[in-house]
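One-based numbering along the sequence shown. Each ligand, and each atom within it, is numbered from 1 in the order the structure gives.
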Amino acid sequence: MTSFMLFIASSFASTNQIVIAHRGASGYLPEHTLEAKVLAYAMKPNYIEQDVVMTKDDKLVILHDRYLDRVTDVATKYSGRARKDGRYYVIDFTLKEIRTLNVTEGFNVAPDGKQTAIFPNRFPIWKSHFTVPTFSEEIELIQGLNKTLGYNIGIYPEIKAAWFYRHEGKDISKAILSVLKTYGYISKDSNIYLQCFDALELKRIHDELLPAMGMDLKLVQLMAYTDWNETMLYSKEGSTVYSYDWMFKDDGMKKVAEYADAIGPWKPMLVDEASTRDNIIIKPLMQKAREAGLGIHVYTFRAEPEKIPAYAKDYDDMLDIFYNQVKVDGIFTDYPNKAVKFLAK
Ligand code: CA
């Protein structure tokens, strides 16, 4: 490669920075509702995110948690249907049952039963009427808007807790890929990134499922710290926590690049929390991912003052640090309009 080509290659990366609407325009409307997706669409991000979980009758629906209780009225409509841990699992309800639920902004429940919004300044809880969409409905919505408005906005589905569904005897990845194939997302050129925290599952998708289905999609390895207990491993002896430690070792990114196209790290994995505005400390992971040829799509950018790291003045400043100093390829944000506006400047 000549130095001129190298220059082109590096400037290409920075001029193609993207915005991913995290759970839709979730800063403004209840996350993962079709309404939040329409609003996100109007803000013209590059991608709109879907978190995909599976029902008792094997239908794919869009919800962030594998539980229904943080964003719906399941506890009143179906009291007594919680598991021992007090949670109402999507996998224990049919699509028909889930259709009866009202969706709202995320809330916490105090011991006395009082509900409080997790984000008090967002859309008020229990106002208007929202429901849980299926994966197909959401794809049809985005593809339909691509037709009527003429933009080309992509989808960014996440396979949630594949390890959990595997343990429950369900192959959620295969079901998701089959829907994607139906809607024409089949090659690396298709307007989609497919993301997953479960590295074993993402490898299985890359090595087995995609070739068997005649597909080849851009894959994103989401990153967690082991002590988050994000992913579990089951064996006859019981369950253990999956260790993410290998990803942070010297050859970690090289190993990820064998099956994935990009990583989805958490902000503090790229920028040290001890940074100050005059001294942004970029962690080695950034360079290692670059050297391995991986794209870097970092999560999650929220505009609430308490969600802005101490080293940034405000939301735009945080974007400036990540897009222009760290030079990530993309960000997940609850406020896609603000990020689109920032990049347009
Ligand atoms: Ca997600």
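Checked against the Ca ion (ligand 1), the N, O or S atom of Asp51 at the shortest distance is OD1. Looking at Glu158 and the Ca ion (ligand 1) together, the shortest N, O or S contact belongs to OE1. When the N, O or S atoms of Glu49 are ranked by distance to the Ca ion (ligand 1), OE2 comes first.
Ring pair Phe342/Tyr323 is parallel by interplanar angle, where below 30° counts as parallel and above 60° as perpendicular. Taking the six-membered ring where the residue is Trp, Phe93 and Tyr88 present tilted rings, their angle falling between 30° and 60°.
Checked against the 6.0 Å centroid threshold, Tyr193 and His297 count as a close aromatic pair.
Looking only at atom types and distance, the side chain of Tyr165 has no donor-acceptor partner in the side chain of Ser173 under 3.5 Å away.
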